[in-house]
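In this text, all values refer to a predicted model and were calculated from it rather than measured experimentally. Computation of the quantities below employed the complete heavy-atom set of this structure, encompassing side-chain atoms and omitting hydrogens, waters and symmetry-equivalent molecules.
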Amino acid sequence: MHEEQPETGRYRVDPAPGVPRQRRRRDAEAPEAPAGEGRRDSRRRAAAAAKRNRRRRVLKWTAATGALVMAAGCGGAYYLYRHLNDNLTSVKVELGDEAERPKAAGEALNILVIGTDSREGLGRAYGDEGSVGHADTTLLFHIAKDRSNATVVSLPRDLMVPIPDCQNAQGKKIPGSPRNEFNSSLGQGGRDAGCTWKTVEKNTGIRVDHFVQVNFEAVKTLSTAVGGVEVCAAKDINDSGSHLKMTKGRHVVQGEEALAFVRTRHAVGFGGDLSRIPLQQQFISSMIRKIKSDDTLTSPTKLFKLADAATKALTVDSGIGSVDKLKDLALDISKVDTKNITFATVPVLDDPENRDRVIFKQPDARQLFAMVAGDRSLTETATPAAPDGAGSAAPTTPAATTPAVDTKDVQLTVRNGSGKRGQSGPTVDKLQAKGFAKAAVGSDAPVAATTTVSYQAGQEAAANALAAALGLPGDAVRPAAKADPKAGLLLVLGKDVLTAPAAPAAGPTEAPEDLQRVQADDTDACAK
């Protein structure tokens, strides 16, 4: 009887060298059995062997198929990652001297969202063909350090502000302007998003962590990727400028119609940029609701379209210039409940020098910026319920993620650097009346152009409260040049106190009166 061959199965991937594939198949079959009883035993053994061979073939094909699926899945994920990563455009920003920037936000996040009106590649359909684009729509998106709430502040493009010197990503140094339209902080003279970033920090006193820049195409592609965004018109709209024709009522817009909606201003409100901002806030709020809805989150197709459209549409700073970092940022934002996201427009007045422009309304603008810098919410959120047996939850109050400042305990020295004698005493009296009981007169300081507040580590909140009480701009608050744990706040009065308007009475713990705002969960908001 022949010696039984090893069971290798019928489909060997790597036949032995020099052995034809067909020959190996015959060798794998059962050997010829001898006559008589031995033949029957041989047939039984052959049947058993064949059964084992079939079972092993099934296992091998299953394993091979599984490995192929796994490989395809990993390859697909890698391809997707590379695809989305390659979509992104990132820019390294130059922000200059760190000491001149506002204090860090800590665990809170401040994201500057810049909507540019660039017409590059869009032809004449939108006018200004080939325009490189300016800061047409600017939103400062603040996410609280505990991720319980977010505040989104709209800055009008026609706002007249000082624009600082800056350096763009190509290393070109661009001189600033003591007074210019905010939208010229981008595009004008080669300024890039880093210049807009510096302009926002200079005028708000709020430190920006990252920027995201989008263009006209972003509105079209993102609105289409989520299957449309619901908006509302309180009246019929026919705007020849944006080409929006919309009847009164609710509509789902995407693509060109979505872009026309966010660009519309001539046929709503007073016909200017300030009338357009609430439409944009309504649109973005609705898009946030759509993205966070189950309809989008449970659809792999919509999620891919959204990720693909977003990464193609965005220009970001190098700090978030990868899919991984952008994903982490998106996860942080997604933790905020929609009902706790408040959109607000910075308070403004007509510019007395040009009725087509606006200026900050003070002290309201400083008050709003101080709230954002202090991580205080504009949303009324319920205090979390107490543990069992500890009593009921506290009543609904405005959330404050940093403790309120007890001004009576703030150590404060006031020095006169205005160049005119006798300024420190009246300022101390004023501050004591506002609750800064420990304010004291110090020696005169060298003459300074502007008033500043210097603070030691751990005194940031007190410094912001002092600046808000005096109506100082956000960039007046800065870390002390020399660390001294025993020192308190230092207020140096500059020449600007001689012509300064009356200081605001309100602190940064509550929003200005008559603040224009929209809640992201407000489904009743309509374009008027």
Side-chain angles (χ1 to χ4, degrees), residues 102-113 139-154 204-212 281-282 284-294 296-297 320 325-346 367-388 390-406 458 460-462 464-465 468 474 506-512 515-525:
K103 69 182 183 67
E107 296 177 5
L109 280 171
N110 293 317
I111 315 299
L112 183 64
V113 181
L139 305 168
L140 184 57
F141 205 126
H142 171 82
I143 303 101
K145 68 178 182 181
D146 64 1
R147 307 305 186 252
S148 67
N149 64 85
T151 299
V152 188
V153 179
S154 294
T204 67
I206 299 169
R207 187 184 181 97
V208 175
D209 298 296
H210 300 289
F211 86 83
V212 175
Q281 294 172 343
Q282 179 198 154
I284 297 171
S285 296
S286 184
M287 178 172 279
I288 290 173
R289 294 196 300 270
K290 187 64 177 286
I291 291 173
K292 290 170 74 77
S293 71
D294 290 341
T296 300
L297 296 177
I320 51 173
K325 292 177 180 178
L326 205 58
K327 175 203 68 178
D328 292 342
L329 179 62
L331 288 174
D332 268 328
I333 296 173
S334 69
K335 293 175 184 176
V336 183
D337 194 312
T338 308
K339 68 182 180 181
N340 294 333
I341 301 176
T342 304
F343 288 82
T345 303
V346 64
Q367 189 174 343
L368 175 60
F369 295 147
M371 287 192 69
V372 173
D375 199 19
R376 293 186 177 275
S377 176
L378 297 183
T379 308
E380 291 189 352
T381 54
T383 303
D388 291 343
S392 60
T396 298
T397 58
T401 55
T402 56
V405 175
D406 189 351
E460 295 94 334
N464 280 313
T509 57
E510 56 187 45
L515 181 68
Q516 183 276 327
R517 66 175 83 189
V518 172
Q519 294 303 127
D521 67 336
D522 184 2
T523 58
D524 295 327

Worked verdict on Val153 versus His142 for side-chain contact (heavy atoms from CB on, under 4.5 Å): CA-CA 8 Å; Val153 179; His142 171 82; over 6 Å; no
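- Distance check, rounded to the nearest 0.5 Å: CD1 of Ile111 to CD1 of Ile143 gives 5.0 Å.
- Of all heavy-atom pairs between Phe211 and Ile320, the closest is O-CD1, 4.0 Å.
- The minimum heavy-atom distance linking Arg376 with Thr151 is given by the pair O-OG1, 4.5 Å.
- The backbone N or O of Gln282 lies less than 3.5 Å from no partner atom in the side chain of Ser286, so there is not a single donor-acceptor pair.
- Scanning all heavy atoms of the two residues, the minimum distance from Arg207 to Pro102 falls at NH1-O, 3.0 Å.
- Atoms CD and CD, on Gln516 and Gln281 in that order, are 4.5 Å from each other to the nearest 0.5 Å.
- Minimum interatomic distance between Ala468 and Ala370 (heavy atoms only, all atoms of both residues): CB-CB, 4.2 Å.
- Listed here is the closest heavy atom pair of Val336 and Ala150: CG1-N, 3.8 Å.
- Atom OG of Ser285 sits about 8.0 Å away from atom CG of Asp522, to the nearest 0.5 Å.
- Rounded to the nearest 0.5 angstrom, Ile206 CD1 and Leu368 CG are separated by 7.0 Å.
- Note that the CG atom of Leu329 and the OG atom of Ser334 stand 9.5 Å from one another [nearest 0.5 Å].
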If you apply the rule side-chain contact (heavy atoms from CB on, under 4.5 Å), what do you find for Ile341 with Val152, and how did you get there? CA-CA 7 Å; Ile341 301 176; Val152 188; 4.2 Å; yes
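- Taking OG1 from Thr338 and NZ from Lys292, the interatomic distance works out to 4.5 Å, rounded to the nearest 0.5 Å.
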Kindly determine whether Arg289 and Asp521 satisfy salt bridge (Lys or Arg N to Asp or Glu O under 4.0 Å), including the steps that lead there. CA-CA 7 Å; Arg289 294 196 300 270; Asp521 67 336; over 6 Å; no
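- Formation of a donor-acceptor pair under 3.5 Å by the Asp375 side chain with backbone atoms of Lys145 is found in this model.
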One pair to check against side-chain contact (heavy atoms from CB on, under 4.5 Å): Phe141 and Ile333. What are the steps and the verdict? CA-CA 10 Å; Phe141 205 126; Ile333 296 173; 4.3 Å; yes
Mind running side-chain contact (heavy atoms from CB on, under 4.5 Å) on Leu378 and Leu515 for me, showing each step along the way? CA-CA 10 Å; Leu378 297 183; Leu515 181 68; 4.0 Å; yes
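- Thr379 and Lys339 get closest at one heavy-atom pair: CG2-O, 3.6 Å.
- A donor-acceptor contact shorter than 3.5 Å is absent between the side chain of Asn110 and the backbone of Asp209.
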